[in-house]
Amino acid sequence: MNTGKLDIDTVKKIVEEVVRRLLSEEKEAYSKPRLLIIDDESKGGAGLETVIEKCRPYWNISVAASTQEEEITNEFSHVIFLNSDQDFIVRGAIGLTDTYKSKLLARVLHLNIPATLVLSEKEEWARGSETTSAYKQYLENQRKRLETFGAFVTTLEQLDGALSKAAFTGKPENIVVYHEKLLTESKINHIHSEKVLLNKATIVTPLAKDAARKKGIQLCFEDSGR
């Protein structure tokens with residue numbers, strides 16, 4: 001006879017499932033997001049070592065060569081391209097994919113993964129030179145165009161290991177676009193905006209929701225009514 005009550009074994013299974021899920025979520029919340037570094041093998045490893053040293057505290061790092069096609073998936077939260085020159089920047093800005101490296105960048109942008117392009121040492125035009133020219137302005141415009149796609153250009157010296165600029169992309173109307181897979185309380189505490197636009201696959205922790213509510217931050221998901 002079905003009395004509408006759960007038997008002990010059923011309750012036990014439910015409790016075990018809830019505990020298993022909570023432990024899984026806790027493990028995921030404390031794991032580091034994945035970072036892919038695209039290196040140019042022909043230009044030495046000094047820059048690579050510096051970037052790894054800066055990023056290691058914040059990221060689970062993988063390294064691939066720019067001379068071969070790499071399968072990039074959404075498992076990566078960010079991609080860094082080392083030794084980026086003006087040729088690579090312009091190709092990325094106008095959508096050319098005729099080199100392995102430019103194909104990788106296009107793939108990253110199609111997947112909506114934030115990217116950082118670390119300039120090669122020869123790119124003096126981007127290092128605050130006092131000289132100005134129409135061509136330099138053209139390159140600056142291409143850099144800004146890349147930023148609208150989620151790719152940011154910086155120097156090795158200025159690189160922030162947490163890659164915070166690319167994680168929090170400012171848009172008009174005081175809206176922040178957040179691209180990473182996990183939104184935590186600590187990330188919310190660094191956001192100063194009225195609204196955060198999240199990828200529909202982003203997981204928001206309960207503490208992050210509470211922090212957002214206290215700060216008056218509205219959390220919205222792309223292409224979703226959540």
Side-chain angles (χ1 to χ4, degrees), residues 13-37 50-63 72-81 108-118 146-154 156-226:
K13 289 179 181 179
I14 293 173
V15 171
E16 288 175 347
E17 178 63 26
V18 170
V19 171
R20 192 181 307 115
R21 183 169 182 176
L22 288 173
L23 291 175
S24 176
E25 289 177 353
E26 182 178 5
K27 181 179 179 180
E28 183 175 6
Y30 284 95
S31 64
K32 295 178 183 178
R34 294 199 63 187
L35 168 67
L36 176 63
I37 301 176
T50 300
V51 171
I52 290 177
E53 188 66 25
K54 286 187 174 186
C55 297
R56 183 181 289 118
Y58 310 97
W59 300 90
N60 178 6
I61 300 173
S62 300
V63 180
I72 297 179
T73 65
N74 278 320
E75 66 180 309
F76 294 105
S77 298
H78 200 102
V79 179
I80 292 179
F81 292 86
V108 168
L109 298 181
H110 274 301
L111 290 173
N112 208 25
I113 301 174
T116 296
L117 280 58
V118 179
L146 271 179
E147 289 188 358
T148 66
F149 302 146
F152 295 84
V153 181
T154 187
L156 184 61
E157 297 77 18
Q158 296 174 332
L159 178 68
D160 170 20
L163 303 173
S164 54
K165 181 178 181 182
F168 309 115
T169 306
K171 285 203 169 183
E173 301 179 1
N174 201 20
I175 297 175
V176 164
V177 178
Y178 187 82
H179 295 286
E180 295 185 17
K181 294 182 178 180
L182 182 69
L183 180 60
T184 62
E185 179 186 24
S186 63
K187 297 289 181 66
I188 286 290
N189 290 335
H190 286 86
I191 295 178
H192 305 285
S193 176
E194 299 173 356
K195 187 175 182 179
V196 178
L197 186 61
L198 304 166
N199 186 289
K200 59 184 178 181
T202 298
I203 298 172
V204 183
T205 67
L207 289 178
K209 291 180 181 178
D210 291 340
R213 190 180 305 110
K214 291 177 182 178
K215 294 183 67 175
I217 298 175
Q218 182 182 3
L219 304 179
C220 302
F221 286 83
E222 295 177 335
D223 301 324
S224 173
R226 292 169 61 187

Asker: Only distances under 3.5 Å count here; give the side-chain donor-acceptor pairs of residues 213-220 to other protein atoms, sequence neighbours excluded, each with its distance to 0.1 Å.
Answerer:
from   : atom 1 : to     : atom 2 : distance (Å)
Arg213 : NH1    : Asp210 : OD1    : 2.8
Lys215 : NZ     : Ile188 : O      : 3.1
Lys215 : NZ     : Ile191 : O      : 2.8

Asker: Mind checking side-chain contact (heavy atoms from CB on, under 4.5 Å) for Phe149 and listing every partner two or more places apart, or none if nothing turns up?
Answerer: Leu109, Arg145, Leu146
Asker: Going from CG on Leu198 to CZ on Phe221, what distance comes out if it is rounded to the nearest 0.5 angstrom?
Answerer: 5.0 Å
Asker: Can you tell me how far OG1 of Thr50 sits from CD of Glu157, rounded to the nearest 0.5 angstrom?
Answerer: 9.0 Å
Asker: How many angstroms lie between atom CD1 of Ile37 and atom NE2 of His78, to the nearest 0.5 angstrom?
Answerer: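 The NE2 atom of His78 is 10.0 Å from CD1 of Ile37, to the nearest 0.5 Å.
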Asker: Is there a side-chain contact between Leu36 and Arg34 in this structure, where contact means two heavy atoms from C-beta onward sitting under 4.5 Å apart?
Answerer: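 Result no, sub-4.5 Å side-chain heavy-atom pair not found.
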Asker: Quick one: pull up SG in Cys55 and CG in Asn60 and give me the separation to the nearest 0.5 Å.
Answerer: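 Going from the SG atom of Cys55 to the CG atom of Asn60 covers 12.0 Å.
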Asker: How many angstroms lie between atom CG of Asn199 and atom CD of Glu180, to the nearest 0.5 angstrom?
Answerer: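 Rounded to the nearest 0.5 Å, the CG-CD separation comes to 11.5 Å.
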Asker: Does any part of the side chain of Phe81, heavy atoms only, come nearer than 4.5 Å to the side chain of Val108, both counted from C-beta?
Answerer: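 Sidechains of Phe81 and Val108: in contact.
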Asker: State the CG-CH2 distance between Leu163 and Trp59, to the nearest 0.5 angstrom.
Answerer: 5.0 Å
Asker: Would you check if Glu75 and Lys181 make a side-chain contact, meaning some heavy-atom pair closer than 4.5 Å?
Answerer: yes
Asker: Can you name the closest pair of heavy atoms from Val196 and Tyr178 and give their distance?
Answerer: CG1-CB, 3.9 Å
Asker: Are Ile52 and Val63 packed together at the side-chain level, in the sense that at least one heavy-atom pair is separated by less than 4.5 angstrom?
Answerer: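 Ile52 reaches Val63 side chain to side chain.
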Asker: Could you work out, with side-chain contact (heavy atoms from CB on, under 4.5 Å) as the rule, every residue matching Ser186, not counting sequence neighbours?
Answerer: Thr184
